[in-house]
Amino acid sequence: MLPRLPETFTFSDAWGLLGYTPNRCSLYRALQKLRIRGDLAVEFPGSGTRPAQYRKVEAGEAGSDS
């Protein structure tokens with residue numbers, strides 16, 4: 001799934017690429033594991049009705065995560 005996502009994306013973008021309706025908690029947990037592992041970073045945290053926006057992290061890219 002990760003290679004098919006755009007450089008920056010939201011939870012809904014990831015949800016739409018799966019082709020089926022997953023459990024929301026399971027998908028959120030998978031995104032958090034990718035963030036912890038360093039494959040994703042939070043570009044903009046979610047707030048109110050604005051969803052969090054994630055960014056794919058290139059191999060070897062240094063930086064801080066929110």
Side-chain angles (χ1 to χ4, degrees):
M1 171 181 80
L2 196 57
R4 294 183 1 213
L5 288 166
E7 190 64 29
T8 59
F9 62 94
T10 63
F11 181 90
S12 296
D13 296 330
W15 180 298
L17 280 178
L18 290 175
Y20 67 97
T21 305
N23 180 298
R24 289 182 68 88
C25 294
S26 296
L27 180 55
Y28 179 75
R29 192 169 34 252
L31 289 174
Q32 292 310 307
K33 285 181 180 181
L34 287 169
R35 187 188 59 77
I36 291 166
R37 200 170 81 180
D39 294 325
L40 295 179
V42 176
E43 186 75 8
F44 299 105
S47 173
T49 58
R50 181 178 170 199
Q53 191 165 23
Y54 298 92
R55 175 178 50 85
K56 293 193 276 186
V57 174
E58 297 299 322
E61 181 179 328
S64 62
D65 191 0
S66 298

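Side chains included, hydrogens not; waters and symmetry mates left out as well; all remaining heavy atoms used.
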Exercise. Can you tell me which residue pairs pass the ring-ring contact (aromatic ring centres under 6.0 Å, His included) test with a partner in residues 2-29, sequence neighbours excluded?
Key: Phe9-Tyr54, Phe11-Trp15
Self-check item: Atom pair OG1/CG of Thr21 and Leu27 - distance to nearest 0.5 Å
Solution: 11.0 Å
Quiz prompt | Closest non-hydrogen atom pair between Pro51 and Thr10, with its separation | solution = CG-CG2, 4.0 Å
Practice problem: Could you walk me through whether Gln53 and Val42 pass the side-chain contact (heavy atoms from CB on, under 4.5 Å) test, one step at a time? | Solution: CA-CA 6 Å; Gln53 191 165 23; Val42 176; over 6 Å; no
Quiz item: Can you list the residues that meet the side-chain hydrogen bond (donor to acceptor under 3.5 Å, both in side chains) rule with Arg37, with sequence neighbours excluded?
Solution: Asp39
Self-check item: Separation between CZ of Arg4 and CG of Leu18, rounded to the nearest 0.5 Å
Solution: 7.5 Å
Quiz item: Just wondering, do Arg55 and Leu40 contact through their side chains at under 4.5 Å, heavy atoms?
Solution: no
Exercise. Answer yes if the side chains of Gln32 and Arg35 hold a donor-acceptor pair under 3.5 Å, and no otherwise.
Key: yes
Quiz item: If you measure from NZ on Lys33 to CG on Leu31, what distance do you get to the nearest 0.5 Å?
Solution: 11.5 Å
